[in-house]
Amino acid sequence: MGRDIIADIITSIRNADMDKKGRVQIASTNITKNIVKILLREGFIENVRKHQESKKKFLVLTLRHRKTRKGNQIILKRISRPGLRIYSNYQQIPKILGGMGILILSTARGIMTDREARLAKIGGEILCYIW
């Protein structure tokens, strides 16, 4: 049985945020690099650096802890999974919290947010949402 890499990074980030840890170490793959770029651009992650131990490559993420959050954690939820794939065209991409949250999609042009997919008028597989 294969591993679900996206669920692993989402769980790692969620657990580190709940424990108020500053750093998370995740495996470095093309999918994780693209998702981390989106999280960095949207302000959920403060910094990313590459790390290598023997032959394994990792990404070390520095999480952004907001002082004004008062106990609220980052909500990350996996939507499409290996057993049940969820696809959407660009007209039916849901808005998370009225546009305040972001939805990450895997499209024919790569991994992008819901806003980018609507502007490009392409749909794809809904990977996860964050707010």
Side-chain angles (χ1 to χ4, degrees):
M1 184 155 44
R3 290 181 27 182
D4 188 7
I5 296 170
I6 298 169
D8 289 345
I9 66 167
I10 287 173
T11 303
S12 298
I13 292 171
R14 185 185 318 121
N15 289 342
D17 187 54
M18 286 191 324
D19 289 343
K20 299 203 184 319
K21 292 187 179 179
R23 294 189 180 145
V24 179
Q25 185 174 345
I26 60 172
S28 178
T29 63
N30 288 333
I31 294 172
T32 57
K33 286 178 189 176
N34 290 329
I35 292 175
V36 166
K37 282 180 188 176
I38 290 173
L39 293 176
L40 184 65
R41 188 175 58 223
E42 295 289 330
F44 291 102
I45 294 175
E46 194 172 304
N47 191 13
V48 179
R49 67 180 170 87
K50 297 176 184 176
H51 181 69
Q52 185 171 355
E53 291 180 10
S54 63
K55 293 185 179 182
K56 295 181 180 180
K57 295 182 181 180
F58 297 100
L59 294 174
V60 179
L61 312 177
T62 304
L63 298 178
R64 176 166 295 184
H65 291 291
R66 299 182 192 115
K67 294 177 184 175
T68 60
R69 262 202 312 201
K70 296 181 182 176
N72 294 336
Q73 287 89 23
I74 297 172
I75 306 297
L76 292 124
K77 185 162 182 183
R78 178 86 157 114
I79 303 297
S80 184
R81 50 194 166 93
L84 178 65
R85 303 287 185 185
I86 307 294
Y87 297 95
S88 177
N89 62 11
Y90 77 94
Q91 297 161 336
Q92 296 176 341
I93 295 173
K95 287 188 179 183
I96 306 302
L97 289 178
M100 291 177 61
I102 63 168
L103 193 87
I104 298 178
L105 292 119
S106 176
T107 67
R109 295 186 193 163
I111 295 176
M112 59 179 64
T113 65
D114 56 340
R115 288 177 230 126
E116 294 169 346
R118 281 190 204 96
L119 287 174
K121 294 188 176 183
I122 55 174
E125 180 183 355
I126 301 173
L127 298 178
C128 61
Y129 63 77
I130 303 160
W131 77 78

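- Partner Ile26 forms a side-chain contact (heavy atoms from CB on, under 4.5 Å) with one of Ile35, Leu61, Val60 and no other, that one being Leu61.
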Donor-acceptor pairs are to be reported for all side-chain atoms of residues 105-114 against protein atoms at under 3.5 Å, with residues two or more places apart or in another chain.
residue : atom : partner : partner atom : Å
Thr107  : OG1  : Arg109  : N            : 3.2
Thr107  : OG1  : Gly110  : N            : 3.4
Thr107  : OG1  : Gly110  : O            : 2.7
Thr113  : OG1  : Glu116  : N            : 3.4

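- Atom CG of Leu63 sits about 11.0 Å away from atom NZ of Lys20, to the nearest 0.5 Å.
- Counting only residues at least two apart or in different chains, side-chain hydrogen bond (donor to acceptor under 3.5 Å, both in side chains) contacts with residues 81-103 comprise Arg85-Glu125.
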If you apply the rule side-chain contact (heavy atoms from CB on, under 4.5 Å), what do you find for Lys21 with Asn15, and how did you get there?
CA-CA 9 Å; Lys21 292 187 179 179; Asn15 289 342; over 6 Å; no
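- Taken together through direct or relayed side-chain contacts under 4.5 Å among Ile, Leu, Val, Met, Phe, Trp and Tyr, Phe44 and Leu103 form parts of separate hydrophobic clusters.
- Applying the side chain to side chain donor-acceptor pair (under 3.5 Å) test to Arg23 and every residue at least two apart in sequence or in another chain returns nothing.
- No path of Ile, Leu, Val, Met, Phe, Trp and Tyr side chains, each step under 4.5 Å between heavy atoms, connects Met18 with Ile74, placing them in separate hydrophobic clusters.
- Counting only distance, with no hydrogens or angles, the side chain of Glu53 and the backbone of Lys55 share no donor-acceptor pair below 3.5 Å.
- The same ILVMFWY cluster, assembled from side-chain heavy atoms under 4.5 Å apart, contains both Ile45 and Val24.
- Judged purely by atom type and a 3.5 angstrom limit, Arg41 has no side-chain atom pairing as donor or acceptor with the backbone of Gly43.
- Between Glu42 and Ile130, the closest side-chain pair of non-hydrogen atoms is not below 4.5 Å.
- Here the straight-line distance linking atom SG of Cys128 with atom CD1 of Ile13 works out to 9.0 Å at 0.5 Å rounding.
- Checked by atom type and distance alone, the side chain of Thr32 never pairs as donor or acceptor with a backbone atom of Ile5 at under 3.5 Å.
- Note that OG of Ser28 is 12.0 Å distant from NE2 of His51, once rounded to the nearest 0.5 Å.
- Within 6.0 Å of CD1 on Ile31 lie no more than 12 heavy atoms contributed by other residues, nucleotides or ligands.
- Proximity of Arg14 to Thr11: side-chain heavy atoms (C-beta onward) are separated by under 4.5 Å at one or more points.
- In the hydrophobic cluster analysis, where Ile, Leu, Val, Met, Phe, Trp and Tyr join through side-chain heavy atoms closer than 4.5 angstrom, Leu40 is grouped together with Ile10.
- In this structure the side chain of Arg78 reaches within 4.5 angstrom of the side chain of Leu127, judged on heavy atoms.
- The hydrophobic cluster containing Met100 also contains Ile96, counting ILVMFWY residues as joined when their side-chain heavy atoms lie under 4.5 angstrom apart, directly or transitively.
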Could you check Asp17 against Leu76 for side-chain contact (heavy atoms from CB on, under 4.5 Å), going step by step and ending with a plain yes or no?
CA-CA 10 Å; Asp17 187 54; Leu76 292 124; over 6 Å; no
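- In this structure, the side chains of Leu59 and Lys50 come closer than 4.5 Å at one or more pairs of heavy atoms.
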